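Below: the structure, in structure tokens.
These numbers come from a predicted model, not from an experiment.
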Amino acid sequence: MMRTRPLKVALLGCGVVGSEVARIMTTHADDLTQRIGAPVELAGVAVRRPSKVREGIDPALVTTDATALLKRGDIDIAIEVIGGIEPARTLITTAFEHGISVVSANKALLAQDGAALHAAAEEAGLDLYYEAAVAGAIPLVRPMRESLAGDKINRVMGIVNGTTNFILDKMDSTGAGYQEALDEATALGYAEADPTADVEGYDAAAKAAILAGIAFHTRVRLDDVYREGMTEVSAADFASAKRMGCTIKLLAILERAADGASVTARVHPAMIPLTHPLASVREAYNAVFVEAEAAGRLMFYGPGAGGSPTASAVLGDLVAVCRNKLAEATGPGESAYTQLPVSPMGDVVTRYHISLDVADKPGVLAQVATTFAEHGVSIDTVRQQGRPDGVGNEASLVVVTHRAPDAALSGTVEALRKLDTVRGVASIMRVEGE
């Protein structure tokens, strides 16, 4: 039976995503009513600049006092698309205190304070949904915490930032340098004027923390995620990757230890074989590869950012939360029923691709090989060639290792830097996905 009294929604933030959420709520109002079983009404829109013209939004709904909007007593659901830590955290807490369930797209806040927010929602008997916080339109959070709830996820590896994937794809496909590819991403609107959060891996690390918590049923904070940016990736790195039958992606990699006693979470650029499904992810698309014990290997793929894709995920959560409201129930909350330790990066077992500038004379290769052996690292392949810039007394030495603990690999690199015959370490890149 259709309920006639509408469920009232407060929209906190009305930027690119928020305005698209409002547009879809208005244009698809009849469809949403049928899917939910009750009308959904946009009851207020909290913004910082009320004078800005917002097409399709009744100016009478606009307010600068988000707290008063939440406290007025008739709001059922709040959609938070402000971003950042404050005032978003305080507003979400205020919503819970006033019986309001929350849909959020705020990856930074959830990565930092997700445990506290989940606890507040649970104490109030309310929902906290955040599909849009991880991979835009890609359904990922709900499948991992619901569809795979009966399975054991051992590994998650994904491209979770569209800006960085666009840049790396352009470097790979056109031979462009990093700055040239970044300039193109900025011109097309994929990169912000200050791209630091994307290219230094902060955005991907926040998403990695959220995904690790869901995958391993444990609490993983942003500070637990090892992070490296991609600003040092060069055209020479791509040339080396191609010689290995690989490409380069900025990856979020989450793993459960073989004994199940700990987990790791990391974000960094890595070479992956062209045969791996993630290698074919182009432009600003995202994809996440999940390895589960019973289900096997699954890949989720689609647009990971932008107003419309993110709004689609927000509206999906809104429908779910509204249905829960009508049923006087809540959906699955935080599933952190255990607290596994997060191991440091040094414990991660991986492979290195190392490019060295060395003296072009006899005995250098033997000295380098001895250094690897002293640190317990086995060499897979070695390639030596003259320097392309024509320096006659120097050579380029490329070493690809077998798998070893990252601490042993990084220790080897530091020892190589101290050798008289090593003029410099040109690049270091991990090799994954094999």
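- Between Met144 and Val288, the closest side-chain pair of non-hydrogen atoms is not below 4.5 Å.
- Using cut-offs of 30° and 60° on the angle between ring planes, the pair His268 and Tyr226 is perpendicular.
- Between the side chain of Arg297 and the main chain of Glu291, no donor-acceptor pair closer than 3.5 Å is present.
- A donor-acceptor contact shorter than 3.5 Å is absent between the side chain of Arg351 and the backbone of Val400.
- Other residues, nucleotides and ligands place no more than 12 heavy atoms under 6.0 Å from the CD atom of Glu328.
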When you look at Met345 and Thr264, which way does the side-chain contact (heavy atoms from CB on, under 4.5 Å) test go after all the steps? CA-CA 7 Å; Met345 185 64 193; Thr264 57; over 6 Å; no
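- Looking at every heavy atom in both residues, Arg256 comes nearest to Val263 through CA-CG1, 4.2 Å.
- Annotation: side chain of Pro195 is in contact with side chain of Leu182 (closest heavy-atom distance under 4.5 Å).
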Show your working on side-chain contact (heavy atoms from CB on, under 4.5 Å) between Leu11 and Glu80 and close with a plain yes or no. CA-CA 6 Å; Leu11 181 60; Glu80 183 274 306; over 6 Å; no
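- Separation of atoms CD1 (Ile153) and CG (Leu148) is listed at 5.0 Å; rounding is to 0.5 Å.
- Looking at Arg155 and Glu432, a side-chain N of the basic residue comes within less than 4.0 Å of a carboxylate O on the acidic one, giving a salt bridge.
- Taking the side chain as every heavy atom from C-beta outward, Val319 and Leu32 approach each other to under 4.5 Å.
- Side chains of Thr196 and Asp194: a donor on one and an acceptor on the other come within 3.5 Å.
- Counting heavy-atom neighbours within 6.0 Å of Glu122 CD, excluding the residue itself, gives a total of 12 or less.
- Partners of Phe289 under the ring pair (Phe, Tyr, Trp, His ring centres under 6.0 Å) rule, at least two apart in sequence or in another chain, are His276.
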Verify side-chain contact (heavy atoms from CB on, under 4.5 Å) between Leu109 and Ile92, making sure each step is shown before the conclusion. CA-CA 10 Å; Leu109 178 58; Ile92 290 175; 3.8 Å; yes
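- In this structure, Asp317 contributes its side chain and Val314 its backbone to no donor-acceptor pair below 3.5 Å.
- Taking 4.0 Å as the cut-off between side-chain N and carboxylate O, Glu334 and Arg219 count as a salt-bridged pair.
- Side-chain atoms of Arg35 and Cys322, non-hydrogen and from C-beta on, never get closer than 4.5 Å to each other.
- Remark: Tyr178 OH is packed, more than 12 non-hydrogen atoms of other residues, nucleotides or ligands lying under 6.0 Å away.
- Residue Leu318 holds its CG atom at 5.5 Å from CD1 of Ile36, rounded to the nearest 0.5 Å.
- Contact check for Ile354 versus Leu409: no side-chain heavy atoms found under the 4.5 Å cut-off.
- With ring centers used as reference points, Tyr130 lies under 6.0 Å from His118.
- Using a distance-only test at 3.5 Å, with no hydrogens or angles considered, no donor-acceptor pair links the side chain of Glu293 to the main chain of Asp151.
- Between Asp76 and Lys325 no salt bridge is recorded (no basic side-chain N to carboxylate O distance below 4.0 Å).
- No donor-acceptor pair closer than 3.5 Å links the side chain of Lys207 to the backbone N or O of Ala252.
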Using side-chain contact (heavy atoms from CB on, under 4.5 Å), reason through Asp380 and Thr401 one step at a time and then give a plain yes or no. CA-CA 5 Å; Asp380 181 18; Thr401 73; 5.9 Å; no
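- Counting all heavy atoms, side chain and backbone alike, Asn161 lies closest to Asp203 at ND2-OD2, 2.9 Å.
- Inter-residue side-chain proximity for Pro332 and Glu146 is flagged as met; some heavy-atom pair is nearer than 4.5 Å.
- No more than 12 heavy atoms of other residues, nucleotides or ligands lie within 6.0 Å of CZ in Arg48, so this atom counts as exposed by the packing criterion.
- Atom NZ of Lys8 sits about 12.0 Å away from atom CD1 of Ile100, to the nearest 0.5 Å.
- The number of heavy-atom neighbours closer than 6.0 Å to CD of Glu192, taken from other residues, nucleotides and ligands shown, is 12 or below.
- With contacts defined as side-chain heavy-atom distances shorter than 4.5 Å, the pair Ser427/Glu232 does not qualify.
- At most 12 non-hydrogen atoms from other residues, nucleotides or ligands lie less than 6.0 angstrom from CD of Glu123.
- Contact record, Leu117 with Leu110: CD1-CD2, 4.4 Å, taken as the closest heavy-atom pair.
- Between the side chain of Asn286 and the main chain of Pro303, no donor-acceptor pair closer than 3.5 Å is present.
- For the pair Val225 and Ala208, the tightest heavy-atom approach, listed with the atom from each and the gap, is CG1-CB, 4.2 Å.
- Contact check for His98 versus Leu70: no side-chain heavy atoms found under the 4.5 Å cut-off.
- At least one donor-acceptor pair under 3.5 Å links the side chain of Asn106 to the backbone N or O of Gly84.
- Among Lys242, Lys249, His353, Arg430, the one residue that satisfies the side chain to side chain contact (heavy atoms under 4.5 Å, CB included) test with Met271 is His353.
- Using modelled atom types, no side-chain atom of Thr310 and backbone atom of Gly307 make a donor-acceptor pair closer than 3.5 Å.
- Residues Gln34 and Asp30 bring no donor and acceptor atom of their side chains to less than 3.5 Å of each other.
- Taking CZ from Arg89 and OG from Ser104, the interatomic distance works out to 13.0 Å, rounded to the nearest 0.5 Å.
- The closest donor-acceptor contact from the side chain of Lys107 to the backbone of Ala209 lies at 3.5 Å or more, if one exists at all.
- Scanning for side chain to side chain donor-acceptor pair (under 3.5 Å) contacts around Asp347 gives an empty result, with sequence neighbours left out.
- Judged purely by atom type and a 3.5 angstrom limit, Thr174 has no side-chain atom pairing as donor or acceptor with the backbone of Met171.
- Closest heavy-atom contact between Asn154 and Phe216: O-CE2, 3.9 Å.
- For the atom pair Asp198 CG and Asn165 CG, the distance stands at 11.5 Å (nearest 0.5 Å).
- Checked for salt-bridge contact, Arg266 and Glu228 miss the test: no charged N lies under 4.0 Å from a carboxylate O.
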Trace of the side-chain hydrogen bond (donor to acceptor under 3.5 Å, both in side chains) decision for Asp183 with Thr186: CA-CA 5 Å; Asp183 291 343; Thr186 304; 5.3 Å; no
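- In terms of the side chain to side chain donor-acceptor pair (under 3.5 Å) criterion, Thr94 has no residue partners (sequence neighbours excluded).
- Expressed to the nearest 0.5 Å, how far CG of Asp172 lies from CZ of Arg282 amounts to 7.0 Å.
- The shortest heavy-atom contact between Pro269 and Gly229 is CD-O, 3.4 Å.
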